[in-house]
Amino acid sequence: TQRLVTEAPLHLVVNRFEDGLFARSEIEQEVQDVIRPASVAFVPPDPRLAKAAWEGKLTTQSGFPKALSPVADQLTTARASKARRLKVRR
């Protein structure tokens with residue numbers, strides 16, 4: 001993965017996992033060892049989203065976008081800070 005994307009940082013969001021601190025730490029450690037992303041975030045699983053994915057359909061009845069909102073805010077803030085440091089004009 002890192003060979004394919006060397007310039008851009010990889011941010012990983014995990015939404016389907018066995019709940020519990022031990023499981024989270026095991027997943028995070030394995031991901032860090034193998035993929036080495038810039039960040040790993042965990043969001044709660046959404047059964048409606050899983051059902052829609054299984055059926056190959058879209059869903060508007062999912063809490064997944066709301067769960068991703070803090071992750072997006074964090075990445076947007078990090079990107080904005082980097083742009084200011086680099087004095088990028090948009």
Side-chain angles (χ1 to χ4, degrees):
T1 303
Q2 288 297 332
R3 283 186 235 152
L4 296 175
V5 182
T6 57
E7 298 297 317
L10 175 66
H11 300 277
L12 181 70
V13 177
V14 180
N15 75 319
R16 293 172 69 184
F17 59 94
E18 286 294 320
D19 202 10
L21 292 177
F22 179 75
R24 280 184 188 213
S25 66
E26 287 291 310
I27 291 168
E28 189 167 10
Q29 185 62 52
E30 189 66 23
V31 165
Q32 291 290 355
D33 290 347
V34 175
I35 301 174
R36 296 186 182 110
S39 68
V40 178
F42 289 85
V43 296
D46 184 336
R48 290 176 287 197
L49 184 64
K51 182 177 188 271
W54 179 256
E55 294 172 351
K57 298 179 180 176
L58 298 175
T59 181
T60 58
Q61 303 290 322
S62 172
F64 190 65
K66 186 177 179 180
L68 283 179
S69 184
V71 176
D73 290 345
Q74 183 180 16
L75 293 176
T76 303
T77 302
R79 183 174 183 195
S81 297
K82 183 177 180 181
R84 280 193 291 274
R85 283 195 313 269
L86 296 175
K87 297 182 183 179
V88 174
R89 304 219 187 254
R90 294 182 186 199

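Quick caveat, the model's predicted, so the values are computed rather than measured.
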- Item | Non-neighbouring partners of Ser39 that pass side-chain hydrogen bond (donor to acceptor under 3.5 Å, both in side chains), sequence neighbours left out |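 side-chain hydrogen bond (donor to acceptor under 3.5 Å, both in side chains) check on Ser39 returns His11.
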- Query: Would you say Asp46's side chain and Ser62's backbone share a donor-acceptor pair under 3.5 angstrom?
  - Reply: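 No, the answer is negative, given that no donor and acceptor are paired below the 3.5 Å cut-off.
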- Results of ring pair (Phe, Tyr, Trp, His ring centres under 6.0 Å) for Phe42 - residues two or more places apart only: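 Checked Phe42 against ring pair (Phe, Tyr, Trp, His ring centres under 6.0 Å); matches are Phe17.
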- Task: Please list, chain by chain and in numerical order, all residues satisfying salt bridge (charged side-chain N to carboxylate O under 4.0 Å, His left out) with Glu30, sequence neighbours excluded.
- Result: none
- Message: Please determine whether a side-chain nitrogen of the Lys or Arg among Glu55 and Lys51 lies less than 4.0 Å from a carboxylate oxygen of the Asp or Glu.
- Response: yes
- For Arg48 and Thr59, which heavy atoms make the closest approach, and how far apart are they?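 Closest pair (atom of Arg48, atom of Thr59, distance): O-CG2, 4.4 Å.
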- Item | Leu10 with Val34, same ILVMFWY side-chain cluster at under 4.5 Å | yes
